[in-house]
Q: 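Pasting a structure below so you can have a look.
Sequence positions, counted from 1, serve as the residue numbers for this chain.
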Amino acid sequence: MARTAPPSVPPPPGPASRGSLSLHRAYLRSPLGLLRLGQLVMGAAFWITVAAHKYEGAAHFALFAAVLVWLLTLALFGLSLLGRWALVPWLGSRWLLTNLVHDLVLGVGLYAAATGIMGYKAGRKSYCNLPGYSQRCLYGAYLSASICGGIAACLYLFSGLYCLSRRCRDQRDIV
């Protein structure tokens, strides 16, 4: 079989590049960027504390809520840090409103519920904090998770109020 010569027509050009990726340092130094870092740290402390210990019942919901909000916060933080929120369909043009709803509805709502659940479970296990108790005690883990969740809920409230104040001043950007 004889080989045919390749066509002399060049291939079509590739898609235009969207520019290089660089950190949006103004966001990282803004109050919202610092609050997001705190939310990520406190959220990770919450769900790692719960996941590292034996949990049952409503703690499954608390763990689900914490991981869900943490992953969404990580996505918002990453897109905001890279300045790429315009790539998100429909939400990119409403990025301040998206952050506001995320913080006040999901962040505060789910972390308040998770904190209440873990606080209730810590109260139910407070008997095992006595000296001489020989069984494994989950009181410290539940109490630690409850404190981390409460701090995370407060951080979400502060960032939501920050976004709300920017929105009320007719500012449409997060920085």
Q: With a 4.5 Å cut-off on side-chain heavy atoms, are Ile174 and Ser80 touching?
A: yes
Q: If you count the non-hydrogen atoms of other residues, nucleotides and ligands that lie under 6.0 Å from CZ in Arg25, is the total more than 12?
A: no
Q: Got a sec, which pairs hit disulfide bond (SG atoms under 2.5 Å apart) with one end in residues 133-175, sequence neighbours left out?
A: Cys128-Cys137
Q: Under the rule for side-chain contact (heavy atoms from CB on, under 4.5 Å), what residues qualify as partners of Leu79, not counting sequence neighbours?
A: Arg84, Val88, Trp95
Q: Is there a side-chain contact between Leu37 and Leu28, using heavy atoms and a 4.5 Å cut-off?
A: yes
Q: Is the ring pair Phe64/Phe61 parallel, tilted or perpendicular, if the boundaries are 30 and 60 degrees?
A: tilted
Q: Is it true that a side-chain atom of Thr115 and a backbone atom of Gly149 form a donor plus acceptor pair closer than 3.5 Å?
A: yes
Q: Could you tell me the separation between the CG atom of Asn99 and the CH2 atom of Trp85, rounded to the nearest 0.5 Å?
A: 9.0 Å
Q: Would a distance-only check, ignoring hydrogens and angles, find a side-chain to backbone donor-acceptor pair under 3.5 Å from Arg169 to Ser165?
A: yes
Q: Which residues pass the side-chain contact (heavy atoms from CB on, under 4.5 Å) test with Arg167, sequence neighbours left out?
A: Leu96, Leu97, Arg172
Q: Using ring-ring contact (aromatic ring centres under 6.0 Å, His included) as the criterion, list what pairs up with His53, not counting sequence neighbours.
A: none
Q: Is the centre of the Tyr120 ring less than 6.0 Å from the centre of the Tyr142 ring?
A: no
Q: Before you tell me yes or no, could you show the steps for Tyr139 and Tyr127 under ring-ring contact (aromatic ring centres under 6.0 Å, His included), namely the whole-Å CA-CA distance, both residues' side-chain angles and the distance that decides it to 0.1 Å?
A: CA-CA 8 Å; Tyr139 173 76; Tyr127 65 88; 9.4 Å; no
Q: What heavy-atom pair brings Ala153 and Tyr111 nearest, and what distance separates the two atoms?
A: CB-CB, 3.9 Å
Q: Holding to side-chain contact (heavy atoms from CB on, under 4.5 Å), I want the full list of residues that pass it with Val41, two or more places apart in sequence or in another chain.
A: none
Q: Applying side-chain hydrogen bond (donor to acceptor under 3.5 Å, both in side chains) as the test, list every pair that has at least one member in residues 146-163; sequence neighbours left out.
A: Gln39-Ser159, Thr73-Tyr156, Asp103-Ser159
Q: Please check if the side chain of Arg36 supplies one atom and the backbone of Leu74 the other of a donor-acceptor pair under 3.5 Å.
A: no
